[in-house]
There are 2 protein chains.
Amino acid sequence: MRVPATIRDVARASGVHISTVSRTFSAPHLVNPETRSRVLACAEHLGYRPNRAARALITGRTHNIGLIVADIANPFFPPLIKAAESQARHRDYHIFVTDTNEDPAVEEDLVHALAKQVDGVLLCSPRMSNSLIEQLSREVPLVVINRQVTGLPAVVMDVGQGARLAVEHLTGLGHRRIALLGGPRGSWTNREIRRAATAAARAGDAELIVLGPNQPTEQGGLAQADPVRRAGATAVLAYNDLMAIGLIEGLDSLGVRVPEDVSVVGIDDIALSRLTRPKLTTVANPTAAAGRAAVDMLLQHGDDRRTTAQVTLQTELVIRDSTGPAPAALPAVTEATVKE
Amino acid sequence: MRVPATIRDVARASGVHISTVSRTFSAPHLVNPETRSRVLACAEHLGYRPNRAARALITGRTHNIGLIVADIANPFFPPLIKAAESQARHRDYHIFVTDTNEDPAVEEDLVHALAKQVDGVLLCSPRMSNSLIEQLSREVPLVVINRQVTGLPAVVMDVGQGARLAVEHLTGLGHRRIALLGGPRGSWTNREIRRAATAAARAGDAELIVLGPNQPTEQGGLAQADPVRRAGATAVLAYNDLMAIGLIEGLDSLGVRVPEDVSVVGIDDIALSRLTRPKLTTVANPTAAAGRAAVDMLLQHGDDRRTTAQVTLQTELVIRDSTGPAPAALPAVTEATVKE
DNA sequence: ATGAAAGCGCTAACAT
DNA sequence: ATGTTAGCGCTTTCAT
């Protein structure tokens with residue numbers, strides 16, 4: 001790879017000053033059409049491309065947006081990422097995605113690393129503390145997704161409402177003993193779900209058993225199959241679809257049938273939830289809309305720093321095949337184990 | 001957000017020259033411990049962080065790596081991404097992931113956009129032409145994953161071997177009419193699979209019917225359910241697990257049972273393939289190893305540009321529940337429809 | 001319409 | 001051990 005051509009090489013080759021070359025690329029209308037085409041030809045010939053980093057140093061705009069997610073392997077994120085990317089592309093921006101591995105320390109490190117290379121960062125389902133987020137927001141413009149931080153623009157999906165609908169659906173089916181499979185520590189969403197589910201259970205005259213915190217993965221759900229059975233719950237609301245699917249898998253190998261013995265509700269409505277057997281009843285999160293909204297907020301944010309709006313997106317209960325009427329009696333297995 | 005502190009602010013506050021501040025961060029051993037701690041204190045107090053972009057401009061090293069994938073929503077990629085990230089982190093590098101939406105034009109645009117902001121780009125399952133890739137490699141160091149481009153370092157998974165094993169498995173089970181669900185246009189992997197499957201089918205005295213190209217998604221697989229049935233195939237090898245899962249779904253709604261009527265083999269061994277019913281027989285791709293290898297190649301690459309090695313990783317057939325003996329006769333449905 | 005000059009934030013010789 | 005100087009590649013006044 002030979003060394004890339006700079007603006008100076010192009011200037012020399014086309015016999016003009018570097019500022020003219022610069023204008024040719026960043027303000028073409030300011031340069032004589034003839035000169036322009038000559039410069040363009042030389043640039044083309046030399047394989048010249050403006051150095052975006054150098055440009056950013058002086059303009060203060062990189063035209064990049066950072067997007068930090070907890071776990072790129074969680075199917076919840078890709079639709080959000082893709083929506084954000086397409087929205088960004090329309091506005092002539094690029095999205096750089098990074099994964100924190102659910103680790104708050106990595107999260108912080110990534111914000112610092114991205115800070116000067118992007119015009120802002122979308123912090124998606126962060127696991128770190130609010131105060132740290134506030135502090136980091138002084139280093140680079142931040143938009144938070146799935147978290148409310150005072151003073152910062154945020155996009156949240158009203159998962160509390162979704163959890164309420166889910167629990168109402170279950171109590172409506174006669175369930176009186178409902179387990180909640182909690183998500184990871186530090187998750188705002190997790191707290192919202194718990195708060196809403198607790199209230200809805202009380203209102204529906206049902207008991208809510210909280211199991212967790214758990215890893216928000218199939219494994220996390222799978223591991224709770226036995227605890228769910230022992231708790232004697234006839235219905236379960238899981239922190240997300242992945243856990244719900246893992247749980248169903250685990251219940252299945254314990255001989256517990258879904259939904260005949262136990263009803264299961266997930267949250268997110270990932271594509272996969274339509275492909276499993278039984279198809280998953282779940283709370284649909286408008287992830288794509290959230291991605292778009294976050295990009296919009298970040299970009300308009302630049303113009304007027306006072307509009308730190310917080311957008312709340314509605315969720316929706318999608319009833320499929322993993323929920324059904326509460327069984328007449330508790331599942332037989334439970335009778336023996338519950339008194340341990 | 002107040003304007004971020006620069007090296008000059010820190011210099012002024014601590015009463016030293018900016019070069020001393022610079023050294024404090026990039027070569028601490030060259031500065032007097034006392035001075036150092038004073039500078040550090042001032043930096044801390046001012047919230048100063050070195051501007052990585054400015055630093056990169058002069059050092060020529062960004063400590064970033066770009067990773068371009070065709071579709072972040074395809075579960076094939078996340079394990080590769082995560083492995084690459086963790087490997088990069090160990091070497092004090094950050095990975096920026098971008099998604100091309102399976103669009104070659106976006107792919108090219110992203111290479112340009114990333115070029116000066118990263119020290120190299122990992123091009124994962126590219127859809128663009130070899131010649132374009134070669135040309136782009138003059139702009140920024142490239143490591144190609146799942147493609148062989150002469151003169152460029154590459155990491156490929158030996159999917160040809162995997163496809164051969166899969167077809168041998170099927171012919172061994174008595175299948176003589178096998179359908180191949182092709183993947184997207186422009187995919188090197190797709191060509192490899194087709195080549196190997198064709199050869200293996202011939203060797204196994206079986207007929208190979210190629211259906212495609214298709215979108216490498218559940219939808220793509222689902223849409224081929226009817227064609228597969230009409231073709232009278234008793235076994236199918238799909239371009240990837242997603243398509244295999246979609247196909248099984250589609251066959252199911254046509255009343256075709258898997259594996260009793262039709263055997264299905266996927267490729268990739270995504271986590272999901274263990275969770276579907278039936279569990280998917282598939283060719284396991286060492287994606288994590290590929291991600292790590294690619295990062296290593298890119299980083300050592302810098303030292304010696306002549307070592308443009310091409311690494312080939314082995315694949316493996318994982319036999320689960322979606323394959324079985326060929327039915328004695330063709331499935332009943334087929335008899336009626338095949339003559340249309 | 002083009003050129004000259006300054007400078008974005010930083011590092012890297014070279015002095016001292 | 002620290003300061004001086006030049007300059008990475010580019011944009012942006014300000015002249016001409």
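The chains referred to below are lettered A, B, ... by the order of the sequence lines, with proteins before strands, and numbering in each begins at 1.
OP1 or OP2 of D:dG3 has at least one side-chain nitrogen or oxygen of B:Thr20 nearer than 4.0 Å. Taking only side-chain nitrogens and oxygens, B:Thr6 never comes nearer than 4.0 Å to OP1 or OP2 of C:dG9. Phosphate proximity of D:dT5 to B:Ser19: absent, as no side-chain N or O sits under 4.0 Å from OP1 or OP2.
Across the protein-nucleic acid pair, B:Ile7 atom CD1 and D:dT5 atom C1' stand 15 Å apart, rounded to whole Å. Atom-to-atom, CG of A:Leu57 to C1' of C:dG9 comes out at 5 Å; the value is rounded to the nearest Å. Note: CD1 (B:Ile18) to P (D:dG7) measures 15 Å, nearest angstrom. Remark: C1' of D:dC14 and CG of A:Leu30 are 14 Å apart, rounded to the nearest angstrom. For the pair A:Asp9 CG and D:dG9 P, the interatomic distance rounds to 9 Å; values are reported in whole Å. The distance between atom CZ of B:Arg23 and atom C1' of D:dT4, rounded to the nearest whole Å, is 10 Å. D:dT13 atom P lies 16 Å from atom NE2 of A:His17, rounded to whole Å. What separates CZ of B:Arg8 from C1' of C:dG7 is a distance of 9 Å, to the nearest Å.
Counting distance only, with no hydrogens placed and no angle test, the side-chain atoms of A:Arg49 and the base atoms of D:dG9 include no donor-acceptor pair under 3.5 Å. For A:Arg52 and D:dG9, a side-chain-to-base donor-acceptor distance below 3.5 Å is absent, hydrogens and geometry of angles not being considered.
Tested against B:Val144, the residues B:Ile133, B:Asn130, B:Leu122, B:Val121 include a single side chain to side chain contact (heavy atoms under 4.5 Å, CB included) partner, B:Ile133. Applying side-chain hydrogen bond (donor to acceptor under 3.5 Å, both in side chains) to A:Tyr93 and the options A:Asp119, A:Asn64, A:Thr62 leaves one that passes, A:Asp119.
Across all strands, B:Thr59 comes closer than 4.0 Å only to sugar-phosphate atoms, never to a base (heavy-atom distances). Among the atoms of the strands shown, none is found under 4.0 Å from any heavy atom of A:Phe25.
Donor-acceptor pairing under 3.5 Å is recorded for the side chains of A:Asp296 and A:Gln87.
Between B:Asn32 and B:Ala54, the one whose closest nucleotide on DNA chain D sits nearer the 5' end is B:Asn32.
In this structure, of D:dG7, C:dG9, D:dC14, it is D:dG7 that holds the atom nearest to the side chain of B:Ile58. Side-chain atoms of A:Asn51 lie closest to D:dC10 of the nucleotides D:dA1, D:dG3, D:dC10.
Side-chain N or O atoms of B:Ser22 include none that pairs as donor or acceptor with a backbone N or O of B:Ile18 at under 3.5 Å. Side-chain atoms of B:Asp103 do not come within 3.5 Å of backbone N or O of B:Thr100 as any donor-acceptor pair.
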